[in-house]
Amino acid sequence: MPNPSLPAYLQAIKKVFIDPELPSDNPIVQRVKKNLPTATLLKGQDPKNLSSSEPVLLLKKFKGKFLRFCPGTRFYNCCGYKIIHFGENCPLDCSYCILQAYFQDKILKIWGNIEDLFLELDKTLKANPKMRYRTGTGEFTDSLVLEPLTGYAHKLLAFLQDYPNIKIELKSKVVDLSWAKNLKRIDHVLPAWSLNSPKIVDTEEKLSASLEERLKAAQTCVQWGTKVALHFDPLIYYPGWEKGYQRIVEMIFDYLQAKDIAYLSLGSFRGMPDLFQKIAQNHPQSKYIYEEYVPGLDGKLRLFLPLRLKLFSFLIKALKKGGLDRQIYYCMESNMVWEKTLGYTPARLGGLDKHLENLAFA
Amino acid sequence: MKEPKSLKILSPEEIIIDNPWIFWKEQGEKKFLQNLKKMGQLEPVLVIWQKENYFLVHGYKRVLALKKLGKKVLALEIEKTSPKTLGLIYFLLNAEKRSEYHLVKALRFFSAADSTLAKEEWALLGLNPKSPFWDHLHFWLTLPEYWDDLLLQGHLEISQVPWLSQFSTEELEFFYPFWQRIKWTKSNLRTLLTLSLELKAKGLLGAQLKQELTLFLEKKLSPQDLQTSLLQHLRKLRYPTLTLAQEKLARYLTEISKGSGWKIQHPYHLETPGLILQTQVNNAEELNQAIQELKDIQKQNPWRKWEDFLHA
Ligand code: SF4
């Protein structure tokens, strides 16, 4: 029997492929074996040869660089965040997920050689002790969705407790606070949740935790003494969006105060045309892709600017009413959008990456 | 292939030619008739003897032409066999006809009779039952037979099946006259299919829109005008805010450059305030004039009203 406390989407994993280059006493391998005792373990086989799309997990020895720059483009303001790349793909299957167009397969992957990640982080952080690293694990997967299986975040945070110049954002749509267990400090962690309108959560997310659960977890973290980050990405334009986004903003302030929030990002749904095709194929019920999307300067389709401005202005007004101000930032938007909706550009904040770094380390 | 039995000289009337396995019936053109008259019949047609009659297997055009010329037909009788095998023989002997129309006609025959083909037989026809093209052809077979003429005329192609297959039978019937009446350019057809499907996904491909589109057909527009106006109409519905803003902006930019040789364009969907200003000059004098006109445009400041276009 798989660990009954695992969510159903993790219990559904019946096959675990293990890279033969990972030693059998590897802590990630051990932990996964313990939590999925009935799963078939396949050492040295290639999951790409699987004919069906059954959920499988691949524990792999990763040979590339773990610490990377976020792949922003030069036409829009990027937040300068650094990614700790520890795995790929996600079982939550949100309809709008960019990963479905980003990766060629849907195989869940975790880089088992966590000790190599530690070596790389140690080397980088010690080489530049004056530099502050605002990092996160939630770029190519959800930061915590596989945590009950692997305990990866907990191991990473335990390792990084002794490094003063790093902040790790855990960006998630699930609720799992086990990463905090037995840590002597948690101020190097920035727990973060992606939020959306309740309607979008109902229709486009399905497997994620409820908004109440996410906000309650954020509240718990605040009670523990950390700030949290919130992300409205992607903001989705749909008939009745005002009501939905008004509601989630109200919910935020039912659980948190503006001072508890390190920063909050806004990003309207966007993607290369093949993402739209994938959504049409994989999620035929999702109709928001048929709103007015036009190609932006980086080739991605974005909501037509006047509609985007309407969406952003509405959110900003509501968020400011709740007391948020300079914590609000845009993910991949032009100076024009900043200027029109916030009244300033990132340059006024001393550059977006610096500004967010200051907020994260405050 | 069946063993040949014997060569015969038959009168055209003795041969039954309208057989289902002759699925690509074509009349011989004038030149074919002239050649046959001049050179005589150099190759025998193929026939089988069955139920006291000769049935044609291959050589439809020649039998018709020889009949017209009042000549006898040289025929090679082959062993009688199943209609499916006769279809295969016919297909292979006419293999140069491989247009999508011809393939569909052949498949209609093979899927109608007792004719489920084995894998090797499909390979003889050059088809792979695991290919997407195969699936597309089989979707086409679900359409009424008169649709095949759209393939023959080049008004539709099998490669458009992935779009066509997303419409209901009723919707396809609705669009049929639009495709029958004119040959759309490839890119316009692709836009038509995409916009229509997206409007369908938004629940807008209903009775009202169909009625509006039908009016375009009734207007007796030229093929080009029909395509342009229909697509414009669909685009307005699909992108109402965008088209409105673009129209407003285009009017404004035309107004600003009125009376000058300059053309001002904004191809960036308002994502940036970038404008492209273009003109053509042929000599120094025209250049001076263009500079003067440009200064006039500058005085009006094309971005003066930019804010107005950013409101949805
Ligand atoms: S939680 Fe994030 S990574 Fe996972 S499916 Fe949803 S959008 Fe993708």
Side-chain angles (χ1 to χ4, degrees), chain A residues 51 73-77 95 203 237-242 268 270 273-274 276-314 330 332-341 343 345, chain B residues 130 132 135 161-168 187 190-191 193-206 209 232 234-250 252 265-276 302-303 305-312:
Chain A
S51 52
T73 59
R74 69 190 169 90
F75 302 103
Y76 298 94
N77 290 298
S95 76
T203 56
Y237 190 84
Y238 66 93
W241 61 268
E242 289 100 330
S268 83
R270 62 203 172 277
D274 57 340
F276 285 69
Q277 277 166 23
K278 283 269 168 60
I279 295 171
Q281 255 168 38
N282 300 340
H283 305 276
Q285 304 313 318
S286 299
K287 301 295 184 207
Y288 56 88
I289 50 170
Y290 303 113
E291 294 299 334
E292 298 187 61
Y293 288 91
V294 295
L297 302 174
D298 52 1
K300 285 184 180 171
L301 296 174
R302 283 178 161 72
L303 190 65
F304 182 46
L305 184 67
L307 299 175
R308 223 151 84 225
L309 289 172
K310 207 162 136 184
L311 189 61
F312 289 151
S313 304
F314 180 89
Y330 286 114
M332 302 306 289
E333 279 298 346
S334 64
N335 281 346
M336 190 221 287
V337 168
W338 279 78
E339 191 68 63
K340 291 233 165 304
T341 54
T345 65
Chain B
K130 281 193 179 143
D135 293 339
V161 162
W163 286 270
L164 298 176
S165 59
Q166 295 176 57
F167 290 107
S168 68
S187 81
R190 174 92 189 250
T191 312
L193 291 169
T194 309
L195 288 174
S196 307
L197 282 171
E198 290 176 352
L199 287 167
K200 174 183 159 122
K202 292 187 83 170
L204 293 177
L205 189 57
L209 177 57
Q232 260 172 12
L234 291 176
R235 214 173 112 78
K236 255 188 195 167
L237 281 173
R238 172 66 184 86
Y239 296 98
T241 324
L242 173 70
T243 41
L244 203 71
Q246 281 179 328
E247 281 169 12
K248 219 163 96 181
L249 181 60
Y252 172 68
Q265 283 171 305
H266 173 75
Y268 307 116
H269 303 108
L270 295 176
E271 200 60 25
T272 80
L275 292 176
I276 297 176
W303 293 275
K305 288 190 176 173
W306 203 255
E307 193 62 32
D308 295 358
F309 305 114
L310 297 180
H311 295 295

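Every chain is numbered from 1, with letters handed out A, B, ... down the list of sequences. Predicted, not measured: the structure shown is a model, and the values here were computed from it.
In this structure, CG on B/Leu242 lies 11.0 Å from CG on A/Leu305, to the nearest 0.5 angstrom.
When each of B/Ala245, B/Pro240, B/Ala312 is scored by its heavy-atom pairs under 4.5 Å with chain A, the top score falls to B/Pro240.
Contacts between A/Pro284 and chain B at a heavy-atom distance below 4.5 Å are absent for every atom of the residue. Both the backbone and the side chain of A/Leu307 come within contact range of chain B, judged by heavy atoms closer than 4.5 Å.
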Put together the list of donor-acceptor pairs under 3.5 Å connecting chain B with chain A, please.
from     : atom 1 : to       : atom 2 : distance (Å)
B/Lys202 : NZ     : A/Tyr290 : O      : 3.4
B/Arg238 : NH1    : A/Tyr290 : O      : 2.7
B/Arg238 : NH1    : A/Glu291 : O      : 3.2
B/Arg238 : NH2    : A/Tyr290 : O      : 3.4
B/Arg238 : NH2    : A/Glu291 : O      : 3.4
B/Thr241 : N      : A/Glu292 : OE1    : 3.0
B/Thr241 : N      : A/Glu292 : OE2    : 3.0
B/Thr241 : OG1    : A/Glu292 : OE2    : 2.6
B/Leu242 : N      : A/Glu292 : OE1    : 2.8
B/Glu271 : OE1    : A/Arg308 : NH1    : 3.1
B/Glu271 : OE2    : A/Tyr76  : OH     : 3.1
B/Glu271 : OE2    : A/Arg308 : NH1    : 3.3
B/Glu271 : OE2    : A/Arg308 : NH2    : 2.6
B/Glu307 : OE1    : A/Lys340 : NZ     : 2.8

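Of all the heavy atoms in A/Pro306 and B/Leu270, the pair that sits closest is CG-CD1, 4.0 Å.
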